[in-house]
Amino acid sequence: MDVARSKPEQSRGVIERYRDFLPVSDSTPIVSLGEGNTALLYSAKLSAHVGRGCEVFIKNEGVNPTGSFKDRGMTVAVSKALERKERALICASTGNTSASAAAYAARAGIPCVVILPAGKIASGKLVQAFACGAKIVALEGNFDDALRIVRELGEKDNFAIVNSINPDRIAGQKTAAFEIVDALGDAPDFHLLPVGNAGNITAYWNGYREYEANGRSAKLPAMIGFQAAGAAPIFHNRVIEKPETVASAIRIGNPASWKQARAALDESKGSIDIVSDEAITDAQGWLARNEGIFVEPASAASIAGLFKCCESEDASRSFKRIPERSRIVCTVTGHGLKDPDLVLQRAAALKPVAANIDNVRRAIES
Ligand code: F0G
C-alpha cells in the first residue's frame, strides 16, 4: 500500500524561522541542525551591578548545535554551497568555525577541509572537527596566516569558503539580533559582544538595522565590542603581528571584517574596548559560579566588558551615568566545554577517599 507521507516534523532552524530575511529560495536545499532559538536570560545580579533600574540579558549562543553562534551562519553558507553545487568546503579557524563547518558538511554529505593554527585550538573544538570527519590541516602560523591561505585556495582550487568573509555566513548570523528583538519587543539600548575576526558584530548590526527598517523595532542599540588586550587590532587601529590571549577564539591580529565592524561601531554610536586575560578568566568564573552559565574564555569578554563599563574610569563607555532603565544585552558566544583545560588547571587535584560515610563527610567539610 502506498501511503502518501508528508515530511516528518523536525526542529526549525534559523532559515525556516527567518526565511524572508535570508538569501534562500524554494530551490535552496536546507541544511540545518536546528540552530538558533537560543536562550535570552535575564540576569538579576548583573542588572543590580549596573544599577539605575537597568536590565541585563545574556544571549547564550553556547547552546547552539555545535556549541557556538557559528551554526547560525553555517546553515546558510552550507545550504547555499549545496545550491551552487560546490564540490567541497574550506575554512580557516580558531576552532569554532571549523567545528561548525565540519558538522554541517557532514549533515550535507560534502567534504570539508579546515586549516587551523597548530597547537592553538581548544581541545573540545578539535575533537568536534575530528568526530565529524573533516580533513584537518595544522598550520605553522596563526589564524591570519590560515585565512590568507584559505582565500587563495578558494580562488585557485575551487573550494567554497565558509569563513565569515562569505556573505551567507553574515546573513545567517544576523538572526541572533532578530531573536533578541522578537524576545524583548524592541532592540536593546546597548549590545556588548566579543570581537575577533569581526564578522559577528557586523552581522548583529545588519540584523538590527534590517529589523528597524522593517518596522519590527523602534530603535537601534549602541554596539560595544571587546577585544582581548593582547589581540586588539581594531582598538589600536593597527594590525597586530603576533596576537596573544588565553581567549584563543579571538586570537586574531588582522580581522577580515575590520571595515564593516568600524562602520557598525560608528553608525551605532558604539565603541570598541579591550579586556585583559585576567579580566576574561575572572568573568568566565563569575558567570559560571553566579549564573550557572559556563562559557569559553572568548565569550566571557562581553561580561568582562560589562564589568569594565561599570567600574573602570578608562572604559571606552562608562555605565556610571547610563540612562535609567536601559536594556543591555551581552552575547556569550561559545560553550565552556569546548575549552575545559584552563578551568581544569585551576581546579584543585581530586584525591579519592575511601568508600565509607565518615571519610566522605570529612571530604565534604574540608
Ligand atoms: N567568540 C567565539 C567563541 C568565537 O569562536 C569567535 C570567533 C568570536 C567570539 C569572535 O567572533 O570573529 O565574528 O568577531 N571565532 C572564529 C573561528 C574566528 O574561527 O571560530 P568574530
Side-chain angles (χ1 to χ4, degrees), residues 59-64 66-74 77 90-103 114-117 120-122 124-126 128-129 134 136 139 142-147 150 161-166 169-170 172-174 176 191-207 223-228 231-235 243 245-262 264-265 272 275 280 283-284 294-305 330-339:
K59 182 68 170 163
N60 186 12
E61 290 288 279
V63 298
N64 272 298
T66 75
S68 88
F69 69 97
K70 307 285 180 179
D71 297 341
R72 293 179 183 277
M74 209 54 78
I90 194 166
C91 66
S93 184
T94 56
N96 282 324
T97 296
S98 58
S100 185
V114 303
I115 317 276
L116 308 173
K120 298 291 183 184
I121 305 299
K125 303 175 191 179
L126 202 53
Q128 291 179 286
I136 302 175
L139 191 75
N142 61 26
F143 171 82
D144 304 295
D145 298 317
L147 186 56
V150 160
I161 300 175
V162 293
N163 280 101
S164 58
I165 55 173
N166 177 339
R169 277 276 314 277
I170 301 288
Q173 281 174 214
K174 74 186 173 188
H191 190 119
L192 280 59
L193 78 172
V195 173
N197 211 26
N200 211 27
I201 191 168
T202 303
Y204 268 102
W205 182 237
N206 286 356
M223 302 299 300
I224 308 184
F226 293 93
Q227 300 193 293
I234 300 178
F235 178 79
T245 169
V246 289
S248 59
I250 52 173
R251 189 173 168 271
I252 293 174
N254 188 10
S257 299
W258 193 326
K259 250 201 261 151
Q260 297 90 320
R262 193 63 263 169
L265 294 163
I272 187 87
V275 282
I280 287 172
Q284 181 193 28
F294 179 36
V295 301
E296 64 165 293
S299 303
S302 58
I303 305 299
C330 299
T331 296
V332 292
T333 43
H335 204 288
L337 287 174
K338 283 171 170 282
D339 194 355

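Both ligands and their constituent atoms are indexed starting at 1 by order of listing.
- The CD atom of Glu296 lies 5.5 Å from the OG1 atom of Thr333; values are rounded to the nearest 0.5 Å.
- At a 3.5 angstrom cut-off on N or O pairs, Phe143 does not count as close to ligand 1.
- Heavy-atom proximity to atom 12 (O) of ligand 1, evaluated over Asn197, Asn96, Ile252, is greatest for Asn197.
- Scanning for side-chain contact (heavy atoms from CB on, under 4.5 Å) contacts around Lys259 gives an empty result, with sequence neighbours left out.
- The closest heavy-atom contact to atom 13 (O) of ligand 1, among the options Ile170, Ile234, Asn200, Thr331, comes from Asn200.
- For the residue pair His191 / Thr331, a side-chain donor-acceptor distance below 3.5 Å is found, with atom types taken as modelled.
- To the nearest 0.5 Å, atoms CD1 (Ile90) and CD1 (Ile115) are separated by 4.5 Å.
- Counting only heavy atoms from C-beta outward, the side chains of Arg169 and Lys70 approach each other to under 4.5 Å.
- Geometrically, ligand 1 and Thr94 share a nitrogen or oxygen pair separated by less than 3.5 Å.
- Residue Ser68 places no heavy atom under 4.0 Å from ligand 1.
- Residue Ile250 touches ligand 1 through its side chain alone, judged by heavy-atom distances below 4.0 Å.
- The shortest N or O to N or O distance between Thr97 and ligand 1 is below 3.5 Å.
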